[in-house]
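Note sheet for the following structure.
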Amino acid sequence: MSKAPQRPRGTQDIFGEAAARFDHVIATFNRLRGLYGFGRVEVPVFEATSVFARSLGETTDVVSKEMYSFEDRGGESITLRPEFTAGIARAYIENGWQQHAPLKLAAWGPLFRYERPQKGRFRQFHQLDAEVLGAAEPAADVEVIALAAHLLDELGIAGDVTLHLNTMGDPATRSAWSAAVAAHFAAHRDALSADSQRRLVANPLRILDSKDDGDRALVADAPRIDDFLTAEAGAFFEALQKGLQASGITWERAPRLVRGLDYYRHSVFEFITDALGAQGTVIGGGRYDGLIGMMGGPETPAVGWAGGIERLAMLVAEPKIGGLVAVVADRPENEAFAYLTTDRLRKLGWACEMAYRGNAKRQVELAKKRGAMAILFVRTAEEGGPAFHVQPLVPFFDEATLRSAARLTAGLDSMVGAVSLATS
RNA sequence: GCGGUCGUAGCUCAAUUGGUUAGAGCGCCGGUUUGUGGUACCGGAGGUUGCGGGUUCAAUCCCCGUCGAUCGCCCCA
């Protein structure tokens with residue numbers, strides 16, 4: 001047992017009901033992003049380390065300790081993608097996608113971060129991602145947020161999740177506010193927790209979401225960004241809120257919600273639930289007008305979000321699994337008819353399966369255990385062709401469904417000859 | 001990186017203050033019964049108690065380490 005291979009820490013084998021939830025989240029996302037005109041984009045799962053290192057700037061902890069980086073055989077430093085945005089930005093620059101701007105893109109897939117696992121936090125995890133590149137208008141922010149809100153609604157979890165919204169303003173706003181916040185906390189340095197004294201040097205804005213009770217008192221009368229907004233930044237935030245309101249989206253103003261990296265501008269938002277403990281952010285995003293320019297591309301405004309598939313999957317209701325029609329040959333000599341029936345059913349769009357082994361009785365038992373919707377017994381009619389007996393197993397396997405089955409057998413009729421349909 | 005809790009059949013869990021051949025349900029395999037079929041009964045397989053070391057006459061239980069899981073902190077792109 002101990003010699004058997006064990007999956008690496010923080011990875012998961014997703015199966016059964018959990019896999020069905022996972023799948024449901026992705027399917028819903030794919031459907032909705034189509035409704036909003038977001039095209040699918042595929043970018044590499046690994047990139048040159050510099051792609052992520054640059055987008056993360058000098059956040060040394062993140063770059064040095066929390067990325068899966070290694071040297072390939074050519075001696076190049078490679079990193080497993082810890083986020084989508086940097087790779088998409090790289091692709092945008094490299095392929096000259098500015099010709100397509102404004103470009104609406106969607107992606108989903110695995111991401112990797114070398115972190116201590118917690119509830120809803122893994123080393124290989126999966127995210128949905130939606131980005132609008134090359135649009136400076138607040139309408140783009142409205143649209144990506146609307147997509148996120150719609151997704152939560154379709155997943156049936158909108159009631160558990162709150163949209164927290166803030167603005168970082170433009171660069172002038174941000175630097176003025178940031179400096180004021182730093183000055184405020186510096187003036188009360190001795191009252192800050194040890195962690196926050198460290199933040200004061202590394203990233204003062206992060207003190208705003210400290211969990212320390214003592215810090216919170218100081219945070220309460222920290223300078224507010226609203227007092228530093230330039231006319232332009234204020235107008236942008238105003239337009240965003242008007243757009244959201246007109247779209248029927250509700251939100252909570254979160255004046256202390258921030259992004260540490262300074263290429264973020266204007267909108268910052270997170271959809272948060274309290275149903276998942278400390279890892280309550282289910283979708284997070286914002287506008288990152290400074291990123292593409294910083295990575296060496298043309299100055300390009302952009303806005304987007306990413307959502308944790310695992311976290312979303314934990315919140316969705318149990319999807320109904322199964323629902324197959326089990327085809328059972330009453331006797332071995334009916335197997336050929338059963339194969340034919342199964343084939344026809346599938347080509348007519350019915351989900352169905354035949355058991356691999358066991359006699360008819362056993363197959364019935366297993367079909368029931370597996371949650372089949374109905375059992376279709378294939379028999380031999382007195383005239384020699386196949387005869388069928390339908391046994392519904394679930395309440396919603398109703399008359400319409402039975403009629404469809406009748407139509408199926410009618411189709412078989414022309415192929416096989418004499419057919420009789422027996423229903424109970 | 002730091003701290004708390006946890007780790008016993010395939011799964012969910014038991015096992016009196018450390019005490020003899022570590023149990024049950026479900027699942028799995030086989031049989032009987034039933035017979036348009038989810039039944040009931042009988043039997044069977046399956047564990048070096050995560051792994052390694054220590055204390056003890058004796059360890060699932062106590063101690064140390066390690067690997068995982070879980071909850072929180074740090075971090076959060």
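The chains referred to below are lettered A, B, ... by the order of the sequence lines, with proteins before strands, and numbering in each begins at 1.
rA58(B) and rG4(B) have their C1' atoms separated by 31 Å, with the value rounded to a whole Å. Taking atom C1' on both nucleotides, rU48(B) is separated from rG31(B) by 33 Å, rounded to a whole Å.
Closest to the L56(A) side chain, of the nucleotides rG37(B), rA77(B), rG68(B), is rA77(B).
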Taking N or O atoms only and anything under 3.5 Å, show me the protein contacts with nucleotides 72-75 of chain B, one pair per line.
residue : atom : partner : partner atom : Å
rG72(B) : OP1  : A278(A) : N            : 2.9
rC73(B) : OP1  : K211(A) : NZ           : 3.0
rC73(B) : N4   : Q118(A) : NE2          : 3.4
rC74(B) : OP1  : R199(A) : NH2          : 3.0
rC74(B) : O3'  : R198(A) : NH2          : 3.1
rC74(B) : N4   : Q118(A) : NE2          : 3.4
rC74(B) : N4   : R121(A) : NH1          : 2.9
rC75(B) : OP1  : R199(A) : NE           : 2.9
rC75(B) : OP2  : R199(A) : NE           : 3.3
rC75(B) : OP2  : R199(A) : NH2          : 2.5
rC75(B) : O2'  : E66(A)  : OE1          : 3.4
rC75(B) : O2'  : E66(A)  : OE2          : 3.4
rC75(B) : O2   : E115(A) : OE2          : 3.3
rC75(B) : O2   : R121(A) : NH2          : 2.5
rC75(B) : N3   : R121(A) : NH1          : 3.3
rC75(B) : N3   : R121(A) : NH2          : 3.0

Show me the protein contacts with nucleotides 28-32 of chain B, counting only N or O atoms at under 3.5 Å.
residue : atom : partner : partner atom : Å
rC28(B) : OP2  : K369(A) : NZ           : 3.4
rC29(B) : OP2  : R362(A) : NH2          : 2.9

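Regarding R113(A), its CZ atom lies at a distance of 18 Å from the C1' atom of rG1(B), rounded to whole Å. For the pair Q391(A) CD and rG35(B) C1', the interatomic distance rounds to 12 Å; values are reported in whole Å.
With sequence neighbours excluded, the residues satisfying ring pair (Phe, Tyr, Trp, His ring centres under 6.0 Å) with F236(A) are H266(A). Here A338(A) pairs with V327(A), A329(A), M354(A), V378(A) under the side-chain contact (heavy atoms from CB on, under 4.5 Å) rule; sequence neighbours left out. The side-chain contact (heavy atoms from CB on, under 4.5 Å) search around S77(A) returns T49(A), not counting sequence neighbours. Residues passing the side-chain contact (heavy atoms from CB on, under 4.5 Å) test with A135(A) are P102(A), V132(A), E137(A), A140(A), sequence neighbours excluded. Qualifying ring pair (Phe, Tyr, Trp, His ring centres under 6.0 Å) partners for F122(A), counting only residues two or more places apart in sequence or in other chains: none. For Y36(A), the ring pair (Phe, Tyr, Trp, His ring centres under 6.0 Å) partners at least two apart in sequence or on another chain are H150(A). Evaluation of the ring pair (Phe, Tyr, Trp, His ring centres under 6.0 Å) rule for H24(A) yields no partner, not counting sequence neighbours.
Residue pairs that meet the salt bridge (charged side-chain N to carboxylate O under 4.0 Å, His left out) test with at least one member in residues 273-286 of chain A, sequence neighbours left out, do not exist here.
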Side chains of residues 304-313 of chain A: which donor-acceptor partners sit under 3.5 Å, not counting sequence neighbours?
residue : atom : partner : partner atom : Å
W305(A) : NE1  : V144(A) : O            : 2.8
E310(A) : OE1  : H126(A) : N            : 3.1
E310(A) : OE2  : Q12(A)  : NE2          : 2.7
E310(A) : OE2  : H126(A) : N            : 3.2
E310(A) : OE2  : H126(A) : ND1          : 2.7
R311(A) : NE   : G120(A) : O            : 2.9
R311(A) : NH1  : T281(A) : O            : 2.7
R311(A) : NH2  : G120(A) : O            : 3.3
R311(A) : NH2  : Q279(A) : OE1          : 3.3

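RNA chain B forms stems at B:1-7 with B:67-73, B:10-13 with B:23-26, B:28-32 with B:40-44, B:50-54 with B:62-66, each a run of 3 or more consecutive Watson-Crick or G-U wobble pairs whose two key distances fall under 3.5 Å.
Proximity of R259(A) to the phosphate of rA77(B): a side-chain N or O atom is located under 4.0 Å from OP1 or OP2.
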